[in-house]
2 protein chains.
Amino acid sequence: MLLSLMANTQHDTLSLLFAALADPTRRAVIDALLDGPKPVSALAAPHDMALPSFLKHVDRLEGAGVITTRKDGRVRLCQLHPEALGSAEQWLNRARDRWAGKLDRLAAHLDATAQETKQ
Amino acid sequence: MLLSLMANTQHDTLSLLFAALADPTRRAVIDALLDGPKPVSALAAPHDMALPSFLKHVDRLEGAGVITTRKDGRVRLCQLHPEALGSAEQWLNRARDRWAGKLDRLAAHLDATAQETKQ
DNA sequence: CAAAAACTTAGCCATATGGGTAACTAAATG
DNA sequence: CATTTAGTTACCCATATGGCTAAGTTTTTG
């Protein structure tokens, strides 16, 4: 362990996805793309920020698989891929289910205990 | 704009929440807490990592409102608050709904166009 | 073909993040 | 009461992140 082979910065898909969502600018971009594909400049317009800075956000969204981009002449068109959000939803749903299950088991247990107490 | 008043590191709730979820260790902690409250050390055990490092993750989860902690003697008990995950779910659901709506409108449009073509 | 438009590349900067050690405090325990 | 146990505090370190400017490149356009 003398050398840390640590190339560690959340490279798994879910982490990339949640990280992509953890920024208002990027969420706004996703929001904007829900209406359909748009060029980078159109997306950037509302975001008082230099283009290169904005581009990094686009790259992150692309890196997380949330969008793809293709070049059409000098314009780079961004297209949303909402399916990519699915793994985040799934993770949250599974958590919710497990929690509900826990509460159910708790209720069942309390029920059973109440029964025993009666007898 | 000479001075950047930029105290900017995603301080909004949603960003804090998504950021909290963007790390495997923290997601594992949430997972572990779905069974019920646990002390820090119990949570840390599976995570080959020094305690102080692990504590930072706990702090982040607490900062995002995902868990609360209380001290019981020398032990710090961590408790999950799954409701806190709701805003993330809501954001994703709203995105999904808007996307579905878009597809519906597209279908309607194609339908209408087909009708016109027939006449 | 000159100029504008739409990125791109390259580099800089401050702060945040994820990890670590060392040393300390406070509560249980033998 | 001496020792463990369970955190906690106070740093340090490398890399990532989010922003910037300056200087390209490649298409359009006038």
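Every value quoted in this text rests on a predicted model; they were computed, and no experiment measured them. Only heavy atoms go into these numbers, but all of them, side chains included; no hydrogens, no water, no symmetry mates.
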Problem set entry | Any Leu61(B) side-chain heavy atom under 4.5 Å of Leu80(B) side chain | no
I'd like a table of atom pairs between the protein and nucleotides 25-29 of chain C - only N or O on both sides, under 3.5 Å - with the distance next to each one.
residue: dA27(C); atom: N3; partner: Arg74(B); partner atom: NH1; Å: 3.4
residue: dA28(C); atom: O4'; partner: Arg74(B); partner atom: NH2; Å: 3.4

Exercise. Does a nitrogen or oxygen in the side chain of Ser41(A) sit under 4.0 Å from OP1 or OP2 of dA5(C)?
Worked result: no
For this session: Let me know the distance between CZ of Arg70(A) and P of dT26(D), rounded to the nearest Å.
Result: 21 Å
Seminar exercise, completed: So CH2 of Trp99(B) and CG of Leu85(A): to nearest 0.5 Å the spacing works out to 10.0 Å
Problem set entry | All side-chain contact (heavy atoms from CB on, under 4.5 Å) counterparts of Ala50(A), not counting sequence neighbours | Pro52(A), Ser53(A)
For this session: Please state how far atom CG in Leu21(B) lies from atom P in dG18(C), giving the value in whole angstrom units.
Result: 12 Å
Seminar exercise, completed: Testing dG7(D), dG18(C), dG18(D) for proximity to the side chain of Val40(B), the answer is dG7(D)
Seminar exercise, completed: Rounded to whole Å, the CD-C1' distance (Gln10(B) to dT15(C)) equals 12 Å
For this session: Could you tell me, to 10°, how much the axis swings from one end of the helix from dC1(C)-dG30(D) to dG30(C)-dC1(D) to the other, five pairs per end?
Result: 10°
For this session: Examine dT17(C): is either OP1 or OP2 under 4.0 Å from a nitrogen or oxygen in the side chain of Arg60(B)? Give yes or no.
Result: yes
For this session: Kindly determine whether Arg76(B) and Asp59(B) satisfy salt bridge (Lys or Arg N to Asp or Glu O under 4.0 Å), including the steps that lead there.
Result: CA-CA 12 Å; Arg76(B) 179 156 149 205; Asp59(B) 289 346; 3.1 Å; yes
For this session: Return the 5'-most residue of the pair Leu51(B), Met49(A) with respect to DNA chain D, ranking by each residue's nearest nucleotide.
Result: Leu51(B)
For this session: Nearest whole angstrom, please: distance from the C1' of dG7(D) to the NZ of Lys38(B).
Result: 19 Å
Exercise. In whole angstrom, what separates Leu61(A)'s CG from dT17(D)'s P?
Worked result: 13 Å
Problem set entry | From CA spacing to verdict: salt bridge (Lys or Arg N to Asp or Glu O under 4.0 Å), Arg96(A), Glu83(B) | CA-CA 9 Å; Arg96(A) 179 204 281 291; Glu83(B) 333 73 88; over 6 Å; no
Problem set entry | Pairwise side-chain contact, Lys71(A) with Leu77(A), heavy-atom cut-off 4.5 Å (strictly under) | no
For this session: Tell me whether the OP1 or OP2 atom of dT8(C) has a side-chain N or O from Lys71(A) closer than 4.0 Å.
Result: yes
Problem set entry | Those residues that, when tested against Arg74(B), pass salt bridge (charged side-chain N to carboxylate O under 4.0 Å, His left out) (two or more places apart) | none
For this session: Starting at atom CZ of Phe18(B), determine the distance to atom P of dT17(C), rounded to an integer number of angstrom.
Result: 17 Å
For this session: Could you check which of dT8(C), dG18(C), dG18(D) has an atom nearest any side-chain atom of Leu55(A)?
Result: dT8(C)
Exercise. Considering residues at least two apart in sequence or located in another chain, which fulfil the side chain to side chain donor-acceptor pair (under 3.5 Å) criterion with Gln79(A)?
Worked result: none
Problem set entry | Toward the 5' end of DNA chain D, by each residue's nearest nucleotide, Pro52(A) or Asp23(A) | Asp23(A)
For this session: Measure the distance from CZ on Phe54(A) to P on dT21(D) and round it to the nearest whole Å.
Result: 16 Å
Problem set entry | OP1 or OP2 of dT17(C) under 4.0 Å from side-chain N/O of His57(B) | no
Seminar exercise, completed: When rounded to the nearest 0.5 Å, the distance separating CZ of Phe54(B) from NE2 of His47(B) is 5.0 Å
In a table with atom names and distances, give each donor-acceptor pair under 3.5 Å that connects a side chain of residues 16-32 of chain A to protein atoms at least two apart or in another chain.
residue: Asp23(A); atom: OD1; partner: Thr25(A); partner atom: N; Å: 2.7
residue: Asp23(A); atom: OD1; partner: Thr25(A); partner atom: OG1; Å: 3.4
residue: Asp23(A); atom: OD1; partner: Arg26(A); partner atom: N; Å: 3.2
residue: Asp23(A); atom: OD2; partner: Gln10(B); partner atom: NE2; Å: 2.7
residue: Arg26(A); atom: NE; partner: Ala20(A); partner atom: O; Å: 2.9
residue: Arg26(A); atom: NH1; partner: His57(A); partner atom: ND1; Å: 3.1
residue: Arg26(A); atom: NH2; partner: Ala19(A); partner atom: O; Å: 3.0
residue: Arg27(A); atom: NH1; partner: Leu21(A); partner atom: O; Å: 2.7
residue: Arg27(A); atom: NH1; partner: Ser15(B); partner atom: OG; Å: 3.1
residue: Arg27(A); atom: NH2; partner: Asp12(B); partner atom: OD2; Å: 2.7
residue: Arg27(A); atom: NH2; partner: Ser15(B); partner atom: OG; Å: 3.1
residue: Asp31(A); atom: OD1; partner: Arg94(B); partner atom: NH2; Å: 3.3
residue: Asp31(A); atom: OD2; partner: Arg98(B); partner atom: NH2; Å: 3.1

Exercise. Atom NE2 of His47(A) and atom P of dC20(D): how far apart are they, to the nearest Å?
Worked result: 13 Å
Exercise. When only distance counts, do a donor and an acceptor, one from the side chain of Ser53(A) and one from the base of dG18(D), lie under 3.5 Å apart?
Worked result: no
Problem set entry | Any N/O donor-acceptor pair, Lys56(B) side-chain to dG19(C) base, under 3.5 Å | yes
